[in-house]
Amino acid sequence: MKVIAIANQKGGVGKTSTAVNLAAALAARGKKILLIDVDSQANATSALGYAAASEQSLYRALIGERPLEELIIPTKRRHLSLVPAHMDLSGVEVELTQEGNHTSCMRDALEGVRDSGAFDYVFLDTPPSLGVLMTSSLCACDEVLTPMQCEFLSLEGLSKIVFVMRQIRESGANPGLLHEGVLMTMYNNTNLANQVVEQVRENLPEKMYETLIPRSVRVAEAPSFGRTVLEHDPEGTASLAYKNAAKEFLRRHR
């Protein structure tokens, strides 16, 4: 089982859309997927059609109140399960910092899931910040997948997440942490977008996904119906792109 953090501290880059739709695309290919919503905004939870509920929130596992395995709920998609988030996660950073176990709480919570072998991949949809929840996720995961919007300001966000990963490795908190790849999102065929794509490809050729996720209003619409874009617009360009990204993901993990 691999634990992959979908991480970029810059907001608005399609992180949750990538977490939800890549997880759904892999589940559709028969992989057993667990998506853990680590963001107090609970966008991944609502995108899959579930209401945030405090008693079922990841928060309960992070503070040691309940095992993570008890918080897993099946979704209506075969092979795709979810650990929901709730706004109570917004206060967990202060609690964990006071207790001094903020770097290990996610790793400890995941221990039972890892031992169970029930899933092929676990995805952590991390918040858009470099706070305790993001750091704890990076300390707990095997790999990091970085969604990146096709804009120049996103290059700064990419360099920051790469820097933080290096710090975590060198500190010994997660020495085996790998950068799985960079997935370009919100792509449109303009000079600006193509220049950003080429710059990432030149600097991180082995990390760059060939698949480009196009800008699509269908991706933005789908969560309001509690659907993935694969369900909302199955033959659309974004759906086909996420299906291709799932194929590429599996090739990279062969």
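Quick note: numbers below take in every heavy atom, side chains included, and nothing from hydrogens, waters or symmetry partners.
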Exercise. Let me see the working for Leu62 and Leu133 under side-chain contact (heavy atoms from CB on, under 4.5 Å), right down to the final yes or no.
Key: CA-CA 10 Å; Leu62 294 181; Leu133 290 172; 3.7 Å; yes
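- Checking side-chain atoms of Ser136 against main-chain N and O of Val132 turns up no donor-acceptor pair under 3.5 Å.
- At a threshold of 4.5 Å between side-chain heavy atoms, the hydrophobic network of Ile, Leu, Val, Met, Phe, Trp and Tyr places Val113 and Phe123 in two separate groups.
- Within a 6.0 Å sphere centred on CZ of Phe152, heavy atoms belonging to other residues, nucleotides or ligands number more than 12.
- Arg169 pairs with exactly one of Leu177, Leu178, Val164, Asn174 by the side chain to side chain contact (heavy atoms under 4.5 Å, CB included) rule, that one being Leu177.
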Quiz item: Can you check side-chain contact (heavy atoms from CB on, under 4.5 Å) on Tyr121 and Ile4, steps first, answer last?
Solution: CA-CA 7 Å; Tyr121 299 102; Ile4 295 105; 3.7 Å; yes
Quiz prompt | Test log, rule salt bridge (Lys or Arg N to Asp or Glu O under 4.0 Å), inputs Asp233 and Arg227 | solution = CA-CA 10 Å; Asp233 186 28; Arg227 301 173 186 161; over 6 Å; no
Practice problem: Under the side-chain contact (heavy atoms from CB on, under 4.5 Å) rule, what do Leu34 and Ile72 come out as? Steps first, then yes or no, please. | Solution: CA-CA 8 Å; Leu34 174 62; Ile72 297 172; 4.0 Å; yes
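- Shown here is Asn191, whose CG atom has no more than 12 heavy atoms of other residues, nucleotides or ligands within 6.0 Å.
- In this pair, His232 and Phe225 present their aromatic rings parallel. The plane angle is below 30°, not in the 30 to 60° band.
- No side-chain heavy atom of Met186 sits less than 4.5 Å from a side-chain heavy atom of Glu151.
- Linking ILVMFWY residues whenever their side-chain heavy atoms come closer than 4.5 Å, directly or via other members, leaves Leu145 and Ile161 in distinct clusters.
- Taking the side chain as every heavy atom from C-beta outward, Asn43 and Val20 never approach each other to under 4.5 Å.
- Formation of a donor-acceptor pair under 3.5 Å by the Ser154 side chain with backbone atoms of Cys150 is not found in this model.
- A distance of 15.0 Å separates CG of Asn244 from CZ of Phe249, quoted to the nearest 0.5 Å.
- The closest side-chain donor-acceptor pair between Asn8 and Thr146, if any, does not fall under 3.5 angstrom.
- In this structure, the side chain of Thr185 engages the main chain of Val13 through a donor-acceptor pair within 3.5 Å.
- Hydrophobic clustering (side-chain heavy atoms under 4.5 Å, transitive across Ile, Leu, Val, Met, Phe, Trp, Tyr) keeps Leu26 apart from Leu240.
- Considering all non-hydrogen atoms of both residues, Leu138 and Ala5 come closest at CD2-CB, 4.3 Å.
- The shortest side-chain heavy-atom distance between Met148 and Val196 falls under the 4.5 Å cut-off.
- When the side chains of ILVMFWY residues are joined at heavy-atom separations under 4.5 Å, either directly or via intervening members, Ile213 and Val144 end up in two distinct hydrophobic clusters.
- Looking at every heavy atom in both residues, Met106 comes nearest to Ser137 through CE-OG, 3.7 Å.
- With hydrogens and angles disregarded, a donor-acceptor distance shorter than 3.5 Å links the side chain of Gln56 to the backbone of Leu71.
- Across Ser40 and Ser90, no two heavy atoms sit closer than the pair CB-N, 3.5 Å.
- Between atom CD of residue Glu143 and atom CE of residue Met165 there is a gap of 11.0 Å, rounded to the nearest 0.5 Å.
- Using a cutoff of 4.0 Å between basic side-chain nitrogens and carboxylate oxygens, Asp142 and Arg114 are scored as salt-bridged.
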Quiz item: Hey, mind stepping through Ile33 and Leu22 against side-chain contact (heavy atoms from CB on, under 4.5 Å) and telling me if it holds?
Solution: CA-CA 10 Å; Ile33 307 296; Leu22 182 59; over 6 Å; no
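- Taken to the nearest 0.5 Å, the NE2 atom of His86 stands 13.0 Å off from the CG atom of Asp39.
- Under a cut-off of 6.0 angstrom, the local environment of CD in Glu210 is sparse, with at most 12 non-hydrogen atoms contributed by other residues, nucleotides or ligands.
- Here the options are Arg252, Lys207, Lys2, the test is salt bridge (charged side-chain N to carboxylate O under 4.0 Å, His left out), and the partner is Glu180; only Arg252 passes.
- Residues Glu55 and Arg60 are not paired through a salt bridge, judged by the lack of any N-O separation under 4.0 Å between the basic side chain and the carboxylate.
- A salt bridge does not link Glu111 to Arg107: none of the charged nitrogens lies less than 4.0 Å from a carboxylate oxygen.
- Side chains of Leu68 and Leu58 form a contact here, defined as non-hydrogen atoms less than 4.5 Å apart.
- Of the possible polar contacts, none joining the Asn188 side chain to the Arg215 backbone as a donor-acceptor pair under 3.5 Å is found.
- At a threshold of 4.5 Å between non-hydrogen side-chain atoms, the residues Leu130 and Thr135 do not count as touching.
- For the pair Thr75 and Tyr50, the tightest heavy-atom approach, listed with the atom from each and the gap, is CA-OH, 2.9 Å.
- Atom-to-atom distance recorded for Leu82:CG and Ile73:CD1 is 4.5 Å, nearest 0.5 angstrom.
- With hydrophobic clusters built from ILVMFWY side chains whose heavy atoms lie under 4.5 angstrom apart, Ile63 shares a cluster with Leu110.
- Residues Ile6 and Leu183 fail the side-chain proximity criterion, which asks for heavy atoms closer than 4.5 Å.
- Closest of all the heavy-atom pairs between Val182 and Leu158 is CG2-CD1, 3.9 Å.
- With hydrogens and angles ignored, the 3.5 Å screen pairs a side-chain donor or acceptor of Glu231 with a backbone N or O of Thr228.
- Judged by distance alone, the side chains of Glu248 and Thr211 do bring a donor and an acceptor atom under 3.5 Å apart.
- Closest approach of Leu80 and Ala23 over heavy atoms only: CD1-CB, 4.0 Å.
- Remark: the backbone N or O of Thr126 is paired with a side-chain donor or acceptor of Lys15 at under 3.5 angstrom.
- Remark: side-chain polar atoms of Ser239 are not paired, donor with acceptor, to backbone N or O of Glu235 under 3.5 angstrom.
- Thr45 and Asp37 share a side-chain donor-acceptor pair at under 3.5 Å.
- Counting heavy atoms from C-beta outward, Lys10 and Lys160 have side chains that stay 4.5 Å or more apart.
- Side-chain atoms of Ser17 and Tyr242 include no donor-acceptor pair closer than 3.5 Å.
- Pairs engaging residues 168-214 under the ring pair (Phe, Tyr, Trp, His ring centres under 6.0 Å) rule: none recorded [sequence neighbours left out].
- Side-chain contact check for Ser57 versus Leu89: some heavy-atom pair is nearer than 4.5 Å.
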